[in-house]
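Sequence lines set the chain letters: A, B, ... in the order given, protein chains first and strands last, and positions in each chain run from 1. What's counted below: heavy atoms across the whole structure, side chains too, no hydrogens, waters or symmetry copies.
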Amino acid sequence: MRYTVAWMRIATWNVNSLKVRLDKLGWWIDRARPDVLLLQETKLTDAAAPREELARLGYEIAHHGQGQWNGVAIVSRAGITDVVTNFGLARAVPAAGDESGDAEPLAEARMIAARCGDVRVVSLYAPNGRVVDSPFYQAKLAWYARLEAWLAASCRPDEPLVLGGDMNLAPMDDDVWDAKACHGGTHVSPRERDAFNRLLAWGLVDLYRAKVSQPERFSWWDYRAGHFPKNFGMRIDHLLGTAPVAARARWVEIDREARKGKLPSDHAPVLVDLDEPGHPLDAGWEGAAARRKDREAGKKKPA
DNA sequence: ATGGTAGCGCTGCTA
């Protein structure tokens, strides 16, 4: 049933295989109860998207995948309309002979957009880039240029718009655990940061920077070498909002808890609450119950 | 000491 909510929670999460992460996803949806959840690296075909499982939780899914690599989705309980995939280009199909998954990012499943409630959302999975100045790095910059062109042609800075996803990019030096260790690599290079800053110049706000509501600095930690326990991470998963969204943002949180436990993704979810002061997820069950109660109180008659 | 894990899919690559 469609209803008007008193506030809205939008989250983004690179799940690194939706198939493997399905149980963890269910756990986190119950923990956070997002209205809209942007997913990356589902690694599924559209046919394999877990529609029934999510429907049981009260959510629809719009999925844009290619199997094996990449794959993005929008999960929503606030409606999903006006779906656009791959910047409106041809359907993503792995290029012939592409055994890498990121040789031709513009032909890959890295972008899906839709309208959910009164907000347009975009789920993004930027190419990794591998090595600065490699062909993969050039392709990453070309993908960012395509994103920029799509924004200019299809969106307005004065509409409620949220871009979220794994941007494979740390905007500032304190978004990485050791700027010296990362120097010279991808994710921190000036040309990548220029691309990010052009998104901001167009009219997007890094909601984490605007609302430092919670002290967690990073959203990704390498599986290897104990990087997570040592907190050797990066903030590469972002929620960017236009001014109308930024004005409504009350709380931003990176949920480190989701990186723990059995079968974690190497990324943690990032969430933003619009129109109401948020509560820390670690307020636990009582906090979650209170949020649910708040939501019930916010329900109105079907429109 | 310059490694390590995880996912995909079945060999070695990607991240």
Side-chain angles (χ1 to χ4, degrees), chain A residues 12-28 39-50 63-73 92-111 123-144 165-170 175-189 192 218-238 256-270:
Chain A
T12 182
W13 194 11
N14 179 325
V15 290
N16 186 20
S17 171
L18 183 49
K19 181 182 176 183
V20 171
R21 221 63 65 202
L22 200 51
D23 286 348
K24 198 92 173 173
L25 181 75
W27 166 81
W28 195 76
L39 299 177
Q40 301 86 36
E41 280 207 87
T42 65
K43 297 183 176 178
L44 295 177
T45 61
D46 293 340
H63 186 271
H64 178 55
Q66 62 188 79
Q68 187 167 13
W69 286 294
N70 310 313
V72 287
V93 175
D98 176 9
E99 296 176 354
S100 66
D102 67 343
E104 294 194 30
L106 293 179
E108 294 158 3
R110 297 179 177 277
M111 180 273 186
S123 179
L124 297 167
Y125 177 46
N128 175 287
R130 300 196 201 184
V131 176
V132 172
D133 285 330
S134 68
F136 305 98
Y137 177 84
Q138 300 297 345
K140 181 179 192 174
L141 297 179
W143 184 88
Y144 268 99
D166 177 358
M167 310 293 287
N168 265 315
L169 193 163
D175 293 320
V176 300
W177 80 97
D178 184 341
K180 285 197 184 77
C182 297
H183 182 76
T186 59
H187 298 60
V188 301
S189 77
E192 288 167 81
F218 306 135
S219 67
W220 170 84
W221 300 260
D222 199 304
Y223 283 121
R224 295 168 290 186
H227 274 206
F228 180 63
K230 289 187 284 193
N231 202 27
F232 289 179
M234 294 187 177
R235 191 175 69 91
I236 58 176
D237 299 88
H238 304 292
R256 169 180 262 269
E257 285 301 307
R259 180 62 175 77
K260 303 177 182 175
K262 286 182 61 179
L263 289 177
S265 169
D266 44 352
H267 296 253
V270 188

Nearest-nucleotide 5' precedence on DNA chain B, Asp166(A) against Thr42(A):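 It is Thr42(A) whose nearest nucleotide is closer to the 5' end.
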Residue closer to the 5' end of DNA chain B, Tyr125(A) versus Gln68(A) (nearest nucleotide):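 Checking each residue's closest nucleotide, the 5'-ward one belongs to Gln68(A).
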dG7(B) OP1/OP2 closer than 4.0 Å to side-chain N/O of Arg21(A):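 Arg21(A) to dG7(B) OP1/OP2: side-chain N or O found under 4.0 Å.
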Ser17(A) side chain near dC8(B) phosphate (N/O to OP1/OP2, under 4.0 Å):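 Ser17(A) to dC8(B) OP1/OP2: side-chain N or O found under 4.0 Å.
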Closest listed nucleotide, where the reference is the side chain of Arg130(A) and the choices are dT14(B), dA6(B), dC8(B):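 Between dT14(B), dA6(B), dC8(B), the one nearest the side chain of Arg130(A) would be dT14(B).
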Nearest-nucleotide pick for Trp69(A), side chain only, options being dC8(B), dT14(B), dA6(B):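 So the side chain of Trp69(A) is nearest to dT14(B).
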Separation between CZ of Phe136(A) and OG1 of Thr186(A), rounded to the nearest 0.5 Å: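 One finds 12.5 Å between CZ of Phe136(A) and OG1 of Thr186(A).
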Rounded to the nearest angstrom, tell me the gap between atom [atom1] in [X] and atom [atom2] in [N].
X         : N       : atom1 : atom2 : result
Lys140(A) : dT14(B) : NZ    : P     : 15 Å
Lys230(A) : dA1(B)  : NZ    : P     : 16 Å
Asn128(A) : dC13(B) : CG    : P     : 16 Å
Phe232(A) : dT2(B)  : CZ    : C1'   : 13 Å
Gln40(A)  : dA15(B) : CD    : C1'   : 15 Å
Asn168(A) : dA15(B) : CG    : P     : 8 Å
Asn14(A)  : dA15(B) : CG    : P     : 11 Å
Phe136(A) : dT14(B) : CZ    : C1'   : 10 Å

Charged tip of Lys24(A) within 45° of Trp27(A) ring normal and under 6.0 Å: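 Yes - Lys24(A) lies over the ring of Trp27(A), closer than 6.0 Å to its centre and within 45° of its axis.
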C1' spacing across the pair dT14(B) / dC10(B), given as an integer number of angstrom: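 Those two atoms are separated by 15 Å.
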Spacing of the P atoms in dG12(B) and dA1(B) (rounded, Å):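 Result for the P pair: 30 Å, nearest Å.
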For Gln138(A), side-chain contact (heavy atoms from CB on, under 4.5 Å) partners two or more places apart: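 Partners of Gln138(A) under the side-chain contact (heavy atoms from CB on, under 4.5 Å) test: Asp133(A), Leu141(A), Arg191(A).
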Results of side-chain contact (heavy atoms from CB on, under 4.5 Å) for Ala73(A) - residues two or more places apart only: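 Counting only residues at least two positions away or on another chain, Ala73(A) forms a side-chain contact (heavy atoms from CB on, under 4.5 Å) with Leu39(A), Thr42(A), Ile61(A), His63(A).
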Pairwise salt bridge (charged side-chain N to carboxylate O under 4.0 Å, His left out) hits with a residue in residues 219-231 of chain A, at least two apart: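 Listed by first then second residue: Asp222(A)-Arg224(A).
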Any residue meeting side chain to side chain donor-acceptor pair (under 3.5 Å) with Trp221(A), in chain and number order, not counting sequence neighbours: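 If we apply the side chain to side chain donor-acceptor pair (under 3.5 Å) test to Trp221(A), skipping adjacent residues, the hits are Asn231(A).
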Residues which pass side chain to side chain donor-acceptor pair (under 3.5 Å) with Ser17(A), listed by chain and number, not counting sequence neighbours: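 Per chain and number, Ser17(A) pairs via side chain to side chain donor-acceptor pair (under 3.5 Å) with no residue.
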Stretch residues 218-229 of chain A: residues that reach within less than 4.0 Å of DNA chain B through a heavy atom: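 Residues of residues 218-229 of chain A that come under 4.0 Å of DNA chain B are, in numerical order, Tyr223(A), Arg224(A), Ala225(A).
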